[in-house]
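Here the structure comes first, spelled out in structure tokens, and everything after it is commentary.
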Amino acid sequence: METEIALYPTLTPIIHSWVENFLKDSDQIHDLFKKYGSPINILSPEPFLENFQAYKEVLESHGLDHLVCFARKANKGTTFVKAARDHGFGVDTASYRELEQCLDLGVNPKKIVLTASIKNINLLELAVSNDVLIIVDNQDELDQIEQVALELGQTAKIGIRIGGFEVNGHKLYTRFGFDIDNVLNIMLERVYPSEQLNFKGFHFHLNGYSIDQRAKALTQTIALIDKLGKYNINTTFIDIGGGLLINYLENEDEWNLFKNELKLAVQGARDPITFQNDGLGYQMIDDELCGELKTYPYFNKKNKAAFLNDILSYPTHRGTIGSLLKDRNISLRLEPGRSLLDQCGITISKVVFRKYDSQNNLLIGLDMNKTQLYSSSADFLLDPIVINQHSTEYNEPTSGYFVGAYCLEQDVILKRKINLEKVPEIGDIVCFVNTAGYMMHFYETEAHLFQLATNLSLLNTGELKED
Ligand SMILES: *Cc1c(COP(=O)(O)O)cnc(C)c1O
């Protein structure tokens, strides 16, 4: 095929081989639409295990005792919980039903951690009675855990969530956890003396994706642990939460070009590349470009295992972070959500209509709504794959926006204008890749009484099973 000059910046996603294989059989996909409607999420545990294995290798190369807990809030399917259970890693749970389901599925309670932001009495009872480690966020929670344990005649296994780390002379803001400056006192006065509380370790989860901040938070936590050691308080683990970066994109140049063209478009120096010239965080104020890109950073050279390795190799004046942990026999725990799910899911949908809006933009109506592929940030920035039913030699390249079923002007599935080989036909398949982490489930709603998408798990045998 001759290469066309793309009118709009392309963002070519990295695609795992399972996805390429799956998309080869478009007859099967059409059969699936007949059976389950549209859209459908396909989940594969294969990359999940690869991602886990890569983390494990880094942790072992630093000689660390460890536990990787999959943060299951990032995907509601049971596919990944079962894979975690079967391959000996842990699960981080954030609600009653997440915890209950993990226990029902037979995940080892020793490998479950409860980090829920809100923990009502029912949830605390479930955790304490199953001896599940509870990460404590605040004083009221601590009191209630103690009370629940007392009533059940048990001890509660706890970790203390901490925040307020100092980085470059400022405290990092967080609404979560105890301020690190108060933790020594709380440990000595409140936690250590309690017969109901069995302290195991410390936890933090930092917003953003900074290696430096994580290394500094670890250094400060280790210093705290050393102080506690002087009082004979033993800390068995530090849990560094999630937020390990992933890389969605093939090509850094495409990423840079996109960011540049977006700024030009917002400044009016070129035609819009997003729906209604949405700046995705940029805007013009008094003729000046302001703001910053408010999407996930889709391109990252340092990602997943390399990102973790950089944290552990971070030098302090007493050695690397990894060696400080190892010397003290402190187990390192992590709770990756998005990064374990990298490449683990796709969302497929079907073209229902083609039309032109009042500004003559091509709109492609998909049989899905925007909550079924929804990013908490300003947009999901990967080009979808369009599988045309009939390819002809006379394709006329064009471009357009994908729109969805909610009766909102803003139900635009991707805000970017997408280059197309031709105007898609009714029934053509559109595949959004790498959607398992947060995109497919986190914001899914049932407005208009639309049914939630079917989730199918792709087994080793090639069979598809309802999740
Ligand atoms: C959300 C969350 C995670 C997972 O974060 P990712 O960015 O998906 O890796 C882990 N731990 C806690 C406490 C969280 O809130």
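Numbers here are sequence positions counted from 1. Just follow the structure's listing: the first ligand is 1, and inside any ligand the first atom is 1.
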Original post:
Looking only at distance, does Glu335 have an N or O less than 3.5 Å from an N or O of ligand 1?
Top reply: yes
**OP:** State the atoms of ligand 1, each with its element, that fall below the 4.0 Å cut-off from a heavy-atom position in Arg161.
**Re:** 13 (C)
Original post:
Between Tyr438 and Tyr443, is the ring centre distance below 6.0 Å?
Top reply: no
Original post:
Is the ring centre of His87 less than 6.0 Å from the ring centre of Phe89?
Top reply: no
**OP:** Measure from the side-chain N and O atoms of Glu151 to the backbone N and O of Val148, and report whether any donor-acceptor pair falls under 3.5 Å.
**Re:** no
Subject >> Contact (N/O only, under 3.5 Å) between Gly337 and ligand 1 >> reply: yes
Original post:
Any non-hydrogen atom of Phe176 lying under 4.0 Å from ligand 1?
Top reply: no
Original post:
Out of curiosity, is Ser339 lining ligand 1, as in a heavy atom under 4.0 Å away?
Top reply: no
**OP:** Give me the ring orientation class for Trp18 and His16: parallel if the planes are under 30° apart, tilted from 30 to 60°, perpendicular past 60°.
**Re:** tilted
**OP:** Look at the rings of Phe258 and Trp255 and say which category their plane angle falls in: under 30° parallel, 30 to 60° tilted, over 60° perpendicular.
**Re:** parallel
Original post:
Between Arg72 and ligand 1, which residue portion shows a heavy-atom distance shorter than 4.0 Å: side chain, backbone, both, or neither?
Top reply: neither
Subject >> Cation-aromatic face contact Arg338/Tyr296, 6.0 Å, 45 degrees >> reply: yes
Original post:
N/O of Tyr438 under 3.5 Å from N/O of ligand 1, yes or no?
Top reply: yes
Original post:
Is Lys76 atom NZ crowded by more than 12 heavy atoms from other residues, nucleotides or ligands, each under 6.0 Å away?
Top reply: yes
Subject >> Proximity to ligand 1 by part of Ile135, non-hydrogen separation under 4.0 Å >> reply: neither
Original post:
Between Arg338 and ligand 1, does any nitrogen or oxygen pair lie at a separation below 3.5 Å?
Top reply: yes
Original post:
If you measure from each non-hydrogen atom of Ala74 to ligand 1, which part falls under 4.0 Å: side chain, backbone, both or neither?
Top reply: neither
Subject >> Test item, Gly243 contacting ligand 1 (heavy atom, 4.0 angstrom) >> reply: yes
Original post:
Passes ring-ring contact (aromatic ring centres under 6.0 Å, His included), Phe48 versus Phe70? Steps please.
Top reply: CA-CA 10 Å; Phe48 188 68; Phe70 165 53; 5.0 Å; yes
Original post:
Parallel, tilted or perpendicular: which describes the rings of Phe432 and Phe402, with under 30° parallel and over 60° perpendicular?
Top reply: perpendicular
**OP:** Using a strict cut-off of 4.0 Å, indicate which atoms of ligand 1 neighbour a heavy atom of Pro336.
**Re:** 9 (O)
**OP:** Please report which non-hydrogen protein atom sits nearest to atom 15 (O) of ligand 1, along with the residue it belongs to and the distance in Å to one decimal place.
**Re:** Lys73 NZ, 2.8 Å
**OP:** Under 4.0 Å from a heavy atom of Ala71: give me the atoms of ligand 1 that qualify, with their elements.
**Re:** 3 (C), 4 (C), 10 (C)
